[in-house]
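Notes for the one structure printed next.
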Amino acid sequence: MKTRRHLLVILLAALSFSYLFYQSNSGVNLLLFEGLLVLSIHFAHLKNSWSLFRWLTSGAFLLTAIAYQFNVSEWTLFVNLVSGVMVVGAALEPTARSFWTVARLGAFNSVAAGFQFLHDLIKEDAFKVRGISKTLRFYYMMAPLAIIVLFVLIYRGSNPVFDGYMAGMFDGLDRWVEWASQYLNWQWIGVFVLGMIISVLAMVHVIPVRIVDSDALASMTMKRVRVKFMRGVSLMVLKNEWLAGMFLLVCLNLLLAVVNAIDVYWVWFNFEWQGEYLKQFVHEGTYLLILSILISVAIVLFFFRKNLNFYSRSIWLRRLCYLWLAQNIILSISVVVRNIHYINHFALASKRIGILFFLALVIFGIATVLIKVRDKKSAFYLFHWNTLSVFVVVVISALPNWQRIIATYNFSHYTQSFLHLDYLASFDPEAIPYTDYSLEELQTMEALQRQKFPFEERYMTAEEYHNVLKDKKTRFQEKMEGSTWKEWTWAKQKAIDHLNR
């Protein structure tokens, strides 16, 4: 930010944020502000040409803001925030060849933008505003002063005598704050400051040369690096590493073949539910299997990190790696099958859906590692495709209204799956249209559930669930009566229409 035009844009964005979010929760104001923010970001980077990553990140940013209007999900809001960081990263360097570079640029700018903003304000030749520049030169004293105040409060609480000495000073401070509160709207100031922070992070750009240069110099394909050793030592190191890899991968392939054979037989084709909870079968088993897959990928990357890629006798080591990675894909499918069994008997839940998305990324990651080994691709290649896949999958996961999907599925499958009312009662008020059933309907479901799932553990009864939902509907109606147009979303309107029927 080196011109007054940029400062003006930042101030206007902060004022817009204050108008849209002052005394208002997130709603349509989020979409309006972020639409303005995208225009402002690209206005600040007009000299930079549009790239595929710039289109992708901007589209994801606005798409998640639109999705929030339909699902009002905290996960969607988080992904929307991450997408905003990526938008800035893509705008900073339109010639970036890797999404990994875009992610690093966005993360770096999120930390450095605030310091750059203060630095630009302090420079008198950039903003010749009398008094401001000199005052801001002391901003670096804020952190020590904050630490001093913290220790004063600690010592006051631990030492009554010291507390007595300091009481008069703090009483005077309290009176000053009370006096200032009569003339200053601290809540509005807080919202404005938050808007300034967001605007600065979005529009003040700091481009680290090291990251840009590393992107420009990186190659998608590995290059052989000749290491100078004593005669014969270099070849011996490669041979020993090759022997270790052959021995390890032969043993691990045999071990995994046994595990996969057991899973294919018992989990894929001969699974029978005996009325147990399936927690060990799915939770502990799934996490351990995912951990083993990640370790397996790390082993392959270790052996094919350097010149072993170019060793003349590495063909069989490659074949063992192909077999090992293929077996890990089978293991990943086994985890998917376990999760499907869990869903069939215990219905949908957010973590069970999350595991499916995660496994899709794992399988894609294994495929990229296989290509890396086959075609001698570099770590840059892996980082590019896997960060891009993570971003795309995470954005896709943030679009649906999962509470609607889960509630609709679980209630419609109560005759065959466990209906966990405790879990469904924790859903947001916007899910009321999909979780609201009469007491008679709930009691009918409860009677069948008790016959099919005679668990010893006590769960929420139909009457308790009905009362919880009744209180939730009352609180939601009271809250919406005092809301403004800025907080409107399609999901909230759907819930209001349901309650007004």
Side-chain angles (χ1 to χ4, degrees), residues 25-28 30 64-80 279 282-283 339 342-357 394 396-446 448-449 453 455 457-483 487-501:
N25 294 319
S26 298
V28 71
L30 179 73
T64 50
I66 294 171
Y68 184 79
Q69 309 306 308
F70 293 90
N71 58 34
V72 195
S73 165
E74 292 181 0
W75 172 246
T76 303
L77 205 56
F78 171 75
V79 175
N80 176 257
K279 287 183 179 179
V282 176
H283 287 172
N339 202 42
Y342 199 20
I343 292 171
N344 286 338
H345 296 287
F346 287 88
L348 281 176
S350 55
K351 286 185 178 180
R352 292 159 212 170
I353 295 171
I355 285 176
L356 295 176
F357 278 104
V394 165
I396 291 173
S397 73
L399 301 182
N401 187 338
W402 289 115
Q403 291 195 349
R404 174 184 179 179
I405 293 171
I406 292 171
T408 302
Y409 178 91
N410 291 6
F411 276 110
S412 63
H413 289 76
Y414 78 91
T415 57
Q416 65 186 57
S417 305
F418 179 64
L419 187 63
H420 194 184
L421 294 178
D422 303 69
Y423 173 61
L424 295 167
S426 67
F427 281 14
D428 297 329
E430 288 79 10
I432 286 174
Y434 321 110
T435 57
D436 187 20
Y437 287 83
S438 67
L439 182 58
E440 292 75 16
E441 291 174 311
L442 292 169
Q443 288 174 337
T444 301
M445 298 177 191
E446 183 181 41
L448 190 146
Q449 286 277 304
F453 303 96
F455 299 141
E457 187 174 348
R458 185 186 180 279
Y459 292 98
M460 184 179 287
T461 64
E463 187 174 355
E464 289 171 338
Y465 175 84
H466 187 264
N467 291 334
V468 168
L469 207 67
K470 184 178 179 181
D471 292 339
K472 184 184 293 186
K473 289 188 287 186
T474 301
R475 291 195 302 271
F476 178 70
Q477 285 178 312
E478 292 173 352
K479 179 181 178 182
M480 294 310 298
E481 286 175 0
S483 64
E487 300 173 82
W488 182 91
T489 65
W490 185 88
K492 291 176 183 176
Q493 187 62 50
K494 184 81 172 177
I496 292 170
D497 293 343
H498 173 81
L499 295 175
N500 291 336
R501 286 188 310 180

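Note that the coordinates shown come from a computational prediction; the quantities given were computed from them, not determined experimentally.
- Side-chain contact between Leu30 and Tyr68 is present, with at least one heavy-atom pair separated by less than 4.5 Å.
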Self-check item: Stepwise side-chain contact (heavy atoms from CB on, under 4.5 Å) test for Trp402 and Asn71
Solution: CA-CA 8 Å; Trp402 289 115; Asn71 58 34; over 6 Å; no
Self-check item: Steps toward side-chain contact (heavy atoms from CB on, under 4.5 Å) verdict (Leu419, Leu448)
Solution: CA-CA 10 Å; Leu419 187 63; Leu448 190 146; over 6 Å; no
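- A donor-acceptor contact shorter than 3.5 Å is absent between the side chain of Arg404 and the backbone of Pro433.
- Panel note: side chain Asn25, backbone Glu487; no donor-acceptor pair is recorded below 3.5 Å.
- Ring planes of Phe453 and Phe346: tilted class, angle from 30 to 60°.
- The neighbour count for Phe357 CZ, taken as heavy atoms of other residues, nucleotides or ligands under 6.0 Å away, is above 12.
- Note: Phe427 and Tyr423 have perpendicular aromatic rings, judged against thresholds of 30 and 60 degrees for the angle between ring planes.
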Practice problem: Carefully, step by step, assess Val468 and Met460 under the rule side-chain contact (heavy atoms from CB on, under 4.5 Å). | Solution: CA-CA 10 Å; Val468 168; Met460 184 179 287; 4.3 Å; yes
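- At distances below 3.5 Å, not a single donor-acceptor pair connects side-chain atoms of Glu430 with backbone N or O atoms of Ala491.
- Ala398 and Ala67 get closest at one heavy-atom pair: O-CB, 4.1 Å.
- Within the 3.5 Å criterion, the main-chain N or O of Ile432 finds no donor-acceptor partner in the side chain of Lys472.
- Side-chain atoms of Phe411 and Leu442, non-hydrogen and from C-beta on, do get closer than 4.5 Å to each other.
- A donor-acceptor contact shorter than 3.5 Å links the side chain of Asn467 to the backbone of Glu463.
- Side-chain contact, Ser397 with Trp75: a donor N or O sits under 3.5 Å from an acceptor N or O.
- Within a 6.0 Å sphere centred on NZ of Lys494, heavy atoms belonging to other residues, nucleotides or ligands number 12 at most.
- Between Leu356 atom CG and Asn339 atom CG the span is 4.5 Å, to the nearest 0.5 Å.
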Exercise. Run the numbers on Ile405 and Asn401 for side-chain contact (heavy atoms from CB on, under 4.5 Å), then give the verdict.
Key: CA-CA 6 Å; Ile405 293 171; Asn401 187 338; 5.6 Å; no
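- Between Arg458 and Glu464 a salt bridge is recorded (basic side-chain N to carboxylate O distance below 4.0 Å).
- Between the side chain of Gln449 and the main chain of Ser417, a donor-acceptor pair closer than 3.5 Å is present.
- Here the NZ-NE2 distance, from Lys470 to His466, works out to 7.5 Å after rounding to the nearest 0.5 Å.
- The aromatic rings of Tyr459 and His420 sit perpendicular to each other, their planes meeting at more than 60°, with 30° as the lower class boundary.
- A donor-acceptor pair is defined here as one N or O able to donate and one able to accept, closer than 3.5 Å; no such pair exists between the side chain of Gln416 and the backbone of His413.
- Judged purely by atom type and a 3.5 angstrom limit, Thr76 has no side-chain atom pairing as donor or acceptor with the backbone of Val72.
- At a cut-off of 3.5 Å, with distance as the only test, a side-chain donor of Gln493 or Asp497 sits close to an acceptor on the other residue.
- The structure places CG of Leu421 at 10.5 Å from OG1 of Thr435, a figure rounded to the nearest 0.5 Å.
- Counting all heavy atoms, side chain and backbone alike, Ala407 lies closest to Tyr434 at CB-O, 3.6 Å.
- At least one donor-acceptor pair under 3.5 Å links the side chain of Asn500 to the backbone N or O of Ile496.
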